[in-house]
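Single-structure report; data block below.
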Protein chains: 2
Amino acid sequence: METRSSFLPVYYRLAEDIKNKIESGELKPGDMLPSTAQLAKKYGVSHMTVRQGVSLLVNEGYIESIQGKGSFVTNPPMDKLLLNFSEENLLGSNKKIQIKLLELNIVPADEKISRKLAVKKNAKILKMKRVLSRTEGPVALDSRFLPYVKGLPLLEKEIAYAAFPDLVASHTELFSVRNKLEVSASILSKEEAELLDTKVGMPALCIEQIIYTSKKRPIGWSKMICRADRFTLTAASHPL
Amino acid sequence: METRSSFLPVYYRLAEDIKNKIESGELKPGDMLPSTAQLAKKYGVSHMTVRQGVSLLVNEGYIESIQGKGSFVTNPPMDKLLLNFSEENLLGSNKKIQIKLLELNIVPADEKISRKLAVKKNAKILKMKRVLSRTEGPVALDSRFLPYVKGLPLLEKEIAYAAFPDLVASHTELFSVRNKLEVSASILSKEEAELLDTKVGMPALCIEQIIYTSKKRPIGWSKMICRADRFTLTAASHPL
DNA sequence: CAGTGGTCTAGACCACCCT
DNA sequence: GGGTGGTCTAGACCACTGG
């Protein structure tokens, strides 16, 4: 008749148990867990089930297991942070997003582009330039470059609204991929300031994105200039 | 006499096998994997071993498993990025790092600090201010604030050189767990420019860090102003 | 219903570390 | 050696999906 507290898997409860002991301070970083055999006995489950639970904690970064020695509580690395970067995120989840396409061209690769995209100089490059706005006004100015592939028409809607990685994937017909971000700061030029409806000399976050194929070939480059007064990047340590 | 290509676990080879099929395009995002039973038969291993291999791919973000339906190739999310932020990283791995402690004080919490650290106004706050330099000169100016705990002396060496999360943990004797970052851009003030050996009006990356206990209580706040011409943040999508 | 992934077992064996 | 984690099995049962 007792209402069981767990409709959850055993290995999961075991993991929660240990996690609680860590967060309450009963187990401190560096401490060794009971051996799998001991835990198996204590919880009345099999060796494999214990391992499944402990593995979960290893994946979550709470525990480090060392063969032949034991499993130890780690002090979770706080210098590894998860950064969420997408346009929805940037502009808020509202539908009050305005995107204006300023330019859409095929241009020859100049020095810088050919370096960034690892293509020959004067190779055909699809270039687009957009202004992203929220209700209160312009937030970011975005320039995107990708190798032009003939016979792959893109709808203007798609060009304007697709997230960069998706756009790159759809234009190049290559799958999956790596995304590398570089974040810097700059000061708005006259042209940038006008497009972003503010004054020259204001500070801006400058976010460069390079999209790679599975084997290191760059297939897309994007540079985003964000008004610092209207946008900040956030990141948080680990999943926990 | 044949040299076996695998001194690696079976589940690992199985995972690599599938991974290769994904990266070569043989398996596309959305495709369903063979069922665990089929894979078990094909590779001549047990159900559990197959699951171990597939789970690995799930953890790495290649596969999504749905109970009752199947396991499917995902198009890996490119908006989730891993950011590495530490002072070694910031200043390069060299030992040519110079850290100068400009200020070390106990100050009463002002409006802003009391908000950031969720303490009462005028609570005692340990404040320190540092300049971080590489060989070519100053890179960043760093201000750190944490609630003062009496009877916890800190060595000056420690104060100057410890990573912020470590410092916070050691001063509060709490196991800090969460680290939240906020990245913005600003323009150097006269004072900042002097300390960083450059001119007023230069752009700077502005990185705020807040350290939390396991249950959301803020126990440390740091604000770092980085010369944009000497430092950029980088992040990359997922593990792969 | 049959087919899928998810959990769990009881036991075997291996690889590694320490003493 | 004895203790640790890591791999693997053969089979049982459950939970969920879909026709």
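Order of the sequence lines sets the chain letters (A, B, ...), proteins ahead of strands, with each chain counted from 1. Here the structure is a predicted model, which means the values were calculated and not measured.
OP1 or OP2 of C:dG3 has not a single side-chain nitrogen or oxygen of B:Ser35 nearer than 4.0 Å. At the phosphate of C:dC18, OP1 or OP2 sits under 4.0 Å from a side-chain N or O atom of A:Lys69.
Within the 4.5 Å cutoff, the side chain of B:Met224 has no heavy atoms near those of the B:Phe164 side chain.
C:dG5 atom P lies 10 Å from atom CD of B:Gln67, rounded to whole Å. In this structure, A:Glu64 atom CD and C:dC17 atom P are separated by 13 Å, rounded to whole Å.
Ion pair A:Glu16/A:Lys19 flagged as a salt bridge, since at least one NZ, NE, NH1 or NH2 atom sits closer than 4.0 Å to an Asp/Glu carboxylate oxygen.
Heavy atoms of A:Val10 sit under 4.0 angstrom from primed sugar atoms or phosphate atoms, though from no base atom. At the heavy-atom level, B:Val45 lies under 4.0 Å from the strands shown only through sugar-phosphate atoms.
In the 5' to 3' direction, nucleotides of DNA chain D lying under 4.0 Å from heavy atoms of chain A begin and end at D:dG3 to D:dC8.
Positionally, the nearest nucleotide of DNA chain D for A:Gly68 lies more toward the 5' end than for the other of A:Arg51 and A:Gly68. Each of B:Gly70 and A:Thr49 was matched to the nucleotide of DNA chain C holding its nearest heavy atom; the match closer to the 5' end belongs to B:Gly70. Residue order along DNA chain C, read from the 5' end via each residue's closest nucleotide, puts A:Ser46 first among A:Ser46 and A:Ile66.
The backbone N or O of A:Leu167 lies less than 3.5 Å from no partner atom in the side chain of A:Arg144, so there is not a single donor-acceptor pair.
Rounded to the nearest 0.5 Å, atoms CD (A:Glu208) and OG (A:Ser143) are 10.5 Å apart. Note that CD of B:Gln38 is 12.0 Å distant from OH of B:Tyr43, once rounded to the nearest 0.5 Å.
Evaluation of the salt bridge (charged side-chain N to carboxylate O under 4.0 Å, His left out) rule for A:Arg130 yields A:Glu87, A:Asp142 as partners, not counting sequence neighbours.
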